[in-house]
Colleague: 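Structure incoming, see below.
In listed order, ligands and their atoms are each counted from 1.
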Amino acid sequence: MSASINIALIIGSLRKESINRKFAEFIAAQMPDNVTIKEVHIADLPLYNQDYDDTTIDSYERVRQQLKDADAVLMVTPEHNRTMPAALKNVVDIGSRPYKKSVWTRKKVAVVTASPGSFGGINSGLDVRKSMQMLSAQVMIDPEIHLSRATDSLNEDGSVSERTQKFLQSFVTEFVKFAGQSRD
Ligand code: FNR
């Protein structure tokens, strides 16, 4: 039997009808039985302020603990103005502090981006990778998933088109291998 794997899912869009949420939900539904995937909710997190490092903020403690407990983190995110959305950057910053207590150190992280535009949100993905590299996370680099013209990959009922399902299923296979690899 495969060892159990615990995945934390962060969705970079706060929007109710988010296309990224639809792809994230499809990806989550493809996980094998030995994988537990739980969303880390980021909408209620106060904007990071270094002054908070000496205080206890319940929502900060919640996300830091969820990220610490995870074998790997999967981010599924749009691009806002050629970079990651502010809400996603906020949780990156919250997880990185207090100094020397970052939850990102050696954490396995994978990023999927989706956009209705032709670049697929690639700059958002690259900027997440840049921050994660600086934070000494282990970033999954292959395959890189940036879904361009992503609204075309959704059927009218919001389900993922067959072609993109296959693509995302092959990503899940590689991601689960990556998440299950020993960190030492
Ligand atoms: C966007 N969008 C966008 N798209 C893109 O490919 N590159 C970009 O730089 C931006 N910039 C941007 C800024 C802001 C403030 C908004 C609200 C939107 C469009 C974006 O990809 C589109 O709204 C997606 O549908 C957002 O993803 P969700 O929220 O549907 O998951």
Side-chain angles (χ1 to χ4, degrees), residues 7-31 35 37-49 59 62-63 66-67 70 72-96 104 107-135 137 139-172 174-176 178-179:
I7 306 291
L9 169 67
I10 300 177
I11 299 172
S13 173
L14 307 185
R15 196 166 82 85
K16 229 190 302 165
E17 291 302 320
S18 161
I19 59 170
N20 281 275
R21 175 168 293 281
K22 292 185 171 76
F23 293 115
E25 284 170 355
F26 175 79
I27 290 170
Q30 306 311 305
M31 294 293 168
V35 174
I37 182 162
K38 282 202 187 127
E39 183 173 352
V40 175
H41 293 280
I42 60 171
D44 64 330
L45 297 171
L47 195 57
Y48 176 74
N49 177 336
S59 58
R62 182 195 78 224
V63 296
Q66 282 179 293
L67 293 167
V73 179
L74 173 62
M75 301 179 183
V76 183
T77 183
E79 176 173 292
H80 280 176
N81 300 315
R82 290 284 185 270
T83 185
M84 73 184 97
L88 181 57
K89 181 61 163 52
N90 195 35
V91 71
V92 169
D93 291 345
I94 292 165
S96 73
W104 299 114
K107 186 65 67 184
K108 291 171 187 293
V109 177
V111 191
V112 170
T113 66
S115 165
S118 41
F119 300 115
I122 187 169
N123 287 291
S124 175
L126 290 173
D127 281 355
V128 171
R129 288 186 179 90
K130 184 171 67 181
S131 290
M132 286 298 138
Q133 189 181 339
M134 181 269 169
L135 291 166
V139 184
M140 182 174 168
I141 45 172
D142 183 28
E144 261 190 281
I145 305 286
H146 305 294
L147 299 172
S148 58
R149 306 263 173 237
T151 36
D152 296 346
S153 294
L154 292 171
N155 300 318
E156 263 179 36
D157 63 358
S159 60
V160 177
S161 71
E162 213 173 305
R163 187 164 155 265
T164 303
Q165 282 193 17
K166 291 208 178 96
F167 186 54
L168 292 178
Q169 277 156 350
S170 60
F171 163 75
V172 168
E174 292 308 312
F175 174 62
V176 171
F178 167 77

Colleague: Check whether the side chains of S18 and N20 place a donor and an acceptor atom closer than 3.5 Å, and report yes or no.
Modeller: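 The answer is no; no qualifying pair exists.
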Colleague: Can you report which non-hydrogen protein atom sits closest to atom 31 (O) of ligand 1, along with the distance?
Modeller: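 The closest heavy atom on the protein side is S18 OG, 2.6 Å.
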Colleague: Using a heavy-atom cut-off of under 4.0 Å, does the side chain or the backbone of R82 touch ligand 1, or both, or neither?
Modeller: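 It is both backbone and side chain that touch ligand 1.
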Colleague: Just go through K22, H80, R21 and tell me whose heavy atom is the nearest to atom 18 (C) of ligand 1.
Modeller: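 Comparing heavy atoms across K22, H80, R21, the nearest one to atom 18 (C) of ligand 1 lies in H80.
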Colleague: Should you measure from each heavy atom of P78, which atoms of ligand 1 turn up under 4.0 Å away?
Modeller: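 So the answer, numbered in order with elements, is 26 (C), 27 (O).
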Colleague: Is there a heavy atom in G117 that sits closer than 4.0 Å to ligand 1?
Modeller: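 No; G117 lies far enough from ligand 1 that no heavy-atom distance drops under 4.0 Å.
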Colleague: Determine, counting only non-hydrogen atoms of the protein, whether one lies under 4.0 angstrom from atom 2 (N) of ligand 1.
Modeller: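 So far as the 4.0 Å threshold goes, atom 2 (N) of ligand 1 is in reach of a protein heavy atom.
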Colleague: Between E144, H146, E79, which is the residue that forms a side chain to side chain donor-acceptor pair (under 3.5 Å) with T113?
Modeller: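 In the set E144, H146, E79, the residue that makes a side chain to side chain donor-acceptor pair (under 3.5 Å) with T113 is H146.
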Colleague: Of all the heavy-atom pairs spanning I19 and A150, show the shortest one and how long it is.
Modeller: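 Taking I19 first and A150 second, the nearest heavy atoms are CD1-CB, 3.9 Å.
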Colleague: Search all heavy atoms of V40 against all heavy atoms of Q66 and return the closest pair with its distance.
Modeller: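 Here V40 and Q66 meet closest at CG1-OE1, 3.7 Å.
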Colleague: Within the 4.0 Å heavy-atom shell around S115, which atoms of ligand 1 are there?
Modeller: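 Result: 4 (N), 5 (C), 6 (O), 21 (O).
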Colleague: Short list, please: which atoms of ligand 1 are under 4.0 Å from a heavy atom of N81?
Modeller: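 Close to N81: 8 (C), 9 (O), 10 (C), 11 (N), 12 (C), 13 (C), 15 (C).
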Colleague: Is the closest side-chain heavy-atom distance between F175 and I27 below 4.5 Å?
Modeller: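 Not in contact.
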Colleague: Among protein heavy atoms, which lies nearest atom 7 (N) of ligand 1, and at what distance?
Modeller: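 The answer is E79 OE2, 2.8 Å.
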Colleague: With heavy-atom distances below 4.0 Å as the criterion, list the atoms of ligand 1 near N20.
Modeller: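 Contacts of ligand 1 toward N20, numbered from 1: 27 (O), 28 (P), 31 (O).
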Colleague: Quick one: look up the protein heavy atom nearest atom 29 (O) of ligand 1 and list residue, atom name and how far away it is.
Modeller: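 Checking every protein heavy atom, the shortest distance to atom 29 (O) of ligand 1 gives S13 OG, 2.7 Å.
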Colleague: Taking everything shown except Q133 itself, do over 12 heavy atoms lie less than 6.0 Å from its CD?
Modeller: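 No, CD of Q133 has 12 or fewer neighbouring heavy atoms, counting only those of other groups under 6.0 Å.
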Colleague: Could an N or O of ligand 1 be found under 3.5 Å from any N or O of G121, whether backbone or side chain?
Modeller: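 No; the residue has no nitrogen or oxygen that sits under 3.5 Å from a nitrogen or oxygen of the ligand.
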Colleague: Is the backbone N or O of L154 less than 3.5 Å from a side-chain atom of K22, with the two atoms forming a donor-acceptor pair by type?
Modeller: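 Not at all, since once roles are kept as given, no pair shorter than 3.5 Å links the two residues.
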